[in-house]
Amino acid sequence: MKKLGLAVALAVSMSTAWARDVSQLSDPIVAYAGVIGKNADALELTPEQRQKHQDWVATAQPKRMALEDRVIAARTELRDMINSGAPKAKRMKLARQIGTMESQLLMLRSNCTDYWRRELTSAQFEKLLSLSQIKP
């Protein structure tokens, strides 16, 4: 019976490791690349803008996701440290690292917005904000 319990625990942990659960991360303040992709026609993107969007997603998204994965792993490590009673100084050090990475995530989104503010016309950017239900 003990072996069955261990097998079930292992299976559950493996299934959660494969799923990319970003619910542990802070909500993004802004997230426009997906809105642009879903609303390219409504935004009346030019062929050049559509290509820039494809290029942006192909390069920026993997960088963001890699950082998100590092934050998730660090939060998991911190949770384990808290639960196991690791020294407070070590927990504090990791908590600071998580804070730094969370700030980096926020700035990646901010940089994305700066990029699209430059690449879209003023009217397109205003429409993007409207589609996102964000007031300028």
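Only this structure's heavy atoms are used, side chains among them; waters, hydrogens and symmetry mates stay out. Note that the coordinates shown come from a computational prediction; the quantities given were computed from them, not determined experimentally.
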S.K.: To the closest 0.5 Å, what do you measure between CG (L120) and CD (E44)?
M.R.: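 If I round to the nearest 0.5 Å, the distance is 12.0 Å.
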
S.K.: Minimum heavy-atom separation for M101 and V71, please, with both atom names.
M.R.: CB-CG2, 3.4 Å

S.K.: Are I82 and M92 connected in a single hydrophobic cluster, I mean Ile/Leu/Val/Met/Phe/Trp/Tyr linked by side-chain heavy atoms less than 4.5 Å apart?
M.R.: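 The answer is no; the residues belong to distinct hydrophobic clusters.
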
S.K.: Please report the shortest heavy-atom distance between L131 and L43, naming the atom on each side.
M.R.: CD1-CD2, 3.9 Å

S.K.: What pairs of donor and acceptor atoms, side-chain ones from residues 33-41 against any protein atom, are under 3.5 angstrom apart with sequence neighbours left out?
M.R.:
from, atom 1, to, atom 2, distance (Å)
N39, ND2, V35, O, 2.8
D41, OD1, R50, NH1, 3.3
D41, OD1, R50, NH2, 2.8

S.K.: Looking at E119, Q124, Q54, which hits side chain to side chain donor-acceptor pair (under 3.5 Å) with Q49?
M.R.: Q124

S.K.: Roughly how far, to the nearest 0.5 Å, is the CD1 atom of I72 from the CE atom of M65?
M.R.: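 Nearest 0.5 Å value for the CE-CD1 distance: 9.0 Å.
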
S.K.: Could you grab the distance from atom CG of L45 to atom NZ of K52, nearest 0.5 Å is fine?
M.R.: 11.5 Å

S.K.: Scan for side-chain hydrogen bond (donor to acceptor under 3.5 Å, both in side chains) pairs involving residues 87-105, sequence neighbours excluded, and state none if there are none.
M.R.: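 Qualifying pairs: S26-E102.
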
S.K.: Show me the side-chain donor-acceptor pairs of residues 108-115 shorter than 3.5 Å, one per line, residues at least two apart or across chains.
M.R.:
from, atom 1, to, atom 2, distance (Å)
N111, ND2, M107, O, 3.2
T113, OG1, R109, O, 3.2
D114, OD1, R117, NH1, 3.3

S.K.: Enter the distance from H53:NE2 to D55:CG here, rounded to the nearest 0.5 Å.
M.R.: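 Atom-to-atom, H53:NE2 and D55:CG are 10.5 Å apart.
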
S.K.: Looking only at heavy atoms, what is the nearest atom pair of V57 and P62, with distance?
M.R.: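 Taking V57 first and P62 second, the nearest heavy atoms are O-CD, 3.4 Å.
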
S.K.: In Å and rounded to the nearest 0.5 Å, what is the OH to CZ distance from Y32 to F125?
M.R.: 5.5 Å

